[in-house]
Amino acid sequence: MFFPPSPFEKRTFNKQIFYIKRDDLLDKDFSGNKARKFYYFLTHDFPHIKRVVSSGSNQSNAMYSLSVLARLKGWEFIYVCDHLSHFLKENPMGNYKAALANGMNIIESHLREEEAEKWLDAKSLHVKEGGRQREAEEGMKILANELLSDIQTHSIQNPYLFFPSGTGTTALFLQKHLPFPVFTCNTVGNSVYLEEQWKMVEPDLTRLPTILETKRKYHYGKLYPELFELWKSLKNEMGVEFDLVYDPVGWKTLLEHISSLDGTPIYLHQGGILGNSSMIARYARKANML
Ligand SMILES: *Cc1c(COP(=O)(O)O)cnc(C)c1O
C-alpha cells in the first residue's frame with residue numbers, strides 16, 4: 001500500500017466526545033482527501049501518459065495534489081483557472097505557491113472547461129474539477145476499511161461518520177462502503193446540487209449519504225467571522241487545525257444537529273491545511289478593513 005493508515009484520535013469539544021480520523025496526517029506531501037481520491041492514479045501505471053490536465057479555482061487542494069502527482073509521475077501539469085488576481089501573482093501563497101514550486105503550468109481562461117479540452121491529446125489524463133470521478137472509489141474503499149478497523153480497535157458503539165462535502169464524491173463512495181450512516185453537508189450550492197453531482201458519478205444510488213442543512217446559508221470560500229471564531233475554538237480546545245474552507249461549515253452543521261443524531265460521532269479530517277495561509281491572510285485583510 002502507498003500510505004500507512006492515518007491516525008484515529010479521541011477528542012473532546014464542548015464536553016462532547018468526537019473521534020477524529022486524521023487524513024490530514026496521511027502523508028507530508030500528499031495528505032487528506034485528494035490523496036484518497038487520486039490513489040488510483042498514484043498506484044497504477046500509465047505508460048502512455050505524459051501530461052495531466054485539470055481546471056478549477058486557483059487555491060484548490062485538488063490543484064496542489066495534482067501538482068504532487070505530476071511531479072511523482074514525471075508528467076507535465078496543465079491547470080486552467082479563471083482568474084489570478086494581481087495580488088496573488090505578486091504574493092504567491094498557499095496551494096498556489098506550492099503547486100507552482102512543483103512545476104504547475106497555470107493558464108487563465110474564463111472558459112476553463114473549453115480551455116482544458118484544448119490541452120488534451122492521446123497522451124493526456126483529464127482530471128475533473130475537484131476530482132469528481134469514479135476512480136476515486138478505490139482510495140475511498142481503503143479509507144472505509146481503515147475506519148472499520150479503527151472502530152473495532154476503539155470498541156465504538158453505534159458510530160456515524162460526518163464530514164463536509166464539495167462535489168460529494170467522498171461522501172458517496174464512503175457511504176457505499178460503510179455499513180453505518182454517513183452524514184454530510186454541502187459547502188457548494190445546495191443539497192440539490194449535491195444530489196446532481198452524485199448522479200454524475202455513480203449510477204447505483206441505492207445507498208446515499210444523508211445531507212444535513214445549516215440554519216444559515218454559507219457561500220463557498222466566503223469569509224464569515226463566526227466561522228473563523230469556531231475554527232479557532234476547535235483548534236484551541238482540541239489541538240487540531242482544521243481547514244478553513246470546508247471544515248468550519250462542516251463543524252457548524254454537525255454542532256447544530258448533534259443533539260438529534262443518535263450514536264458516536266466520527267469526524268473525518270480531510271486535510272487542506274496548506275490552503276489555510278491564504279484564507280488567514282484574507283481574514284486578516286478583512287479585519288483591517290473593518
Ligand atoms: C476536496 C476536499 C473536500 C471535498 O471533497 P468532495 O469529495 O469533493 O466532497 C473537502 N475537504 C477538503 C479539505 C478537500 O480538500
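Note that ligands are numbered from 1 as they come in the structure, with each ligand's atoms numbered from 1 the same way.
Ion pairing between Lys176 and Glu137 holds under the 4.0 Å rule for side-chain N and carboxylate O.
For Trp119, the CH2 atom is loosely surrounded, since the number of other residues' heavy atoms within 6.0 Å does not exceed 12.
At a heavy-atom cutoff of 4.0 Å, ligand 1 is contacted by both the backbone and the side chain of Thr167. Residue Asn33 touches ligand 1 through its side chain alone, judged by heavy-atom distances below 4.0 Å.
Not less than 6.0 angstrom separates the ring centroid of Phe173 from the ring centroid of Trp198. Ring pair Tyr224/Tyr218: centre-to-centre distance below 6.0 Å. Taking the six-membered ring for Trp and the full ring otherwise, the centers of Trp231 and Phe242 sit at least 6.0 Å from each other. Taking the ring centroids of Phe180 and Tyr160, they lie at or beyond the 6.0 Å cut-off.
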Next item on the list: Evaluate the criterion salt bridge (Lys or Arg N to Asp or Glu O under 4.0 Å) for residue pair Lys37 and Glu135; output intermediate values, then yes/no.
Entry: CA-CA 7 Å; Lys37 239 179 210 166; Glu135 286 87 345; over 6 Å; no
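Met140 and Leu205 fall within the same hydrophobic cluster, where Ile, Leu, Val, Met, Phe, Trp and Tyr residues are linked whenever their side-chain heavy atoms come under 4.5 Å apart, directly or through other members.
In this structure, the protein non-hydrogen atom closest to atom 2 (C) of ligand 1 is Lys34 NZ, 2.5 Å. Among all protein heavy atoms, the one lying closest to atom 13 (C) of ligand 1 is Gly271 O, 3.2 Å.
On a distance-only criterion, Tyr246 and ligand 1 share no N/O pair closer than 3.5 Å. The N/O atoms of Gly166, backbone and side chain alike, include one that comes under 3.5 Å of an N/O atom in ligand 1. In terms of N/O distances under 3.5 Å, ligand 1 is not approached by Asp243. Of the polar atoms of Gly168, at least one N or O is found under 3.5 Å from an N or O of ligand 1, judged by distance alone.
Heavy-atom proximity to Asn61, at under 4.0 Å, picks out these atoms of ligand 1: 12 (C), 13 (C), 14 (C), 15 (O). Atoms of ligand 1 lying under 4.0 Å from at least one heavy atom of Ser165, given by number and element, are 9 (O). Near Thr170, meaning under 4.0 Å from any of its heavy atoms, are these atoms of ligand 1: 5 (O), 6 (P), 7 (O). The atoms of ligand 1 that sit less than 4.0 Å from any heavy atom of Thr169 are 7 (O), 9 (O).
Heavy-atom distances between Lys37 and ligand 1 reach below 4.0 Å in at least one pair.
Judged by the 6.0 Å distance and 45° axis criteria, Arg285 is positioned over the aromatic ring of Phe87.
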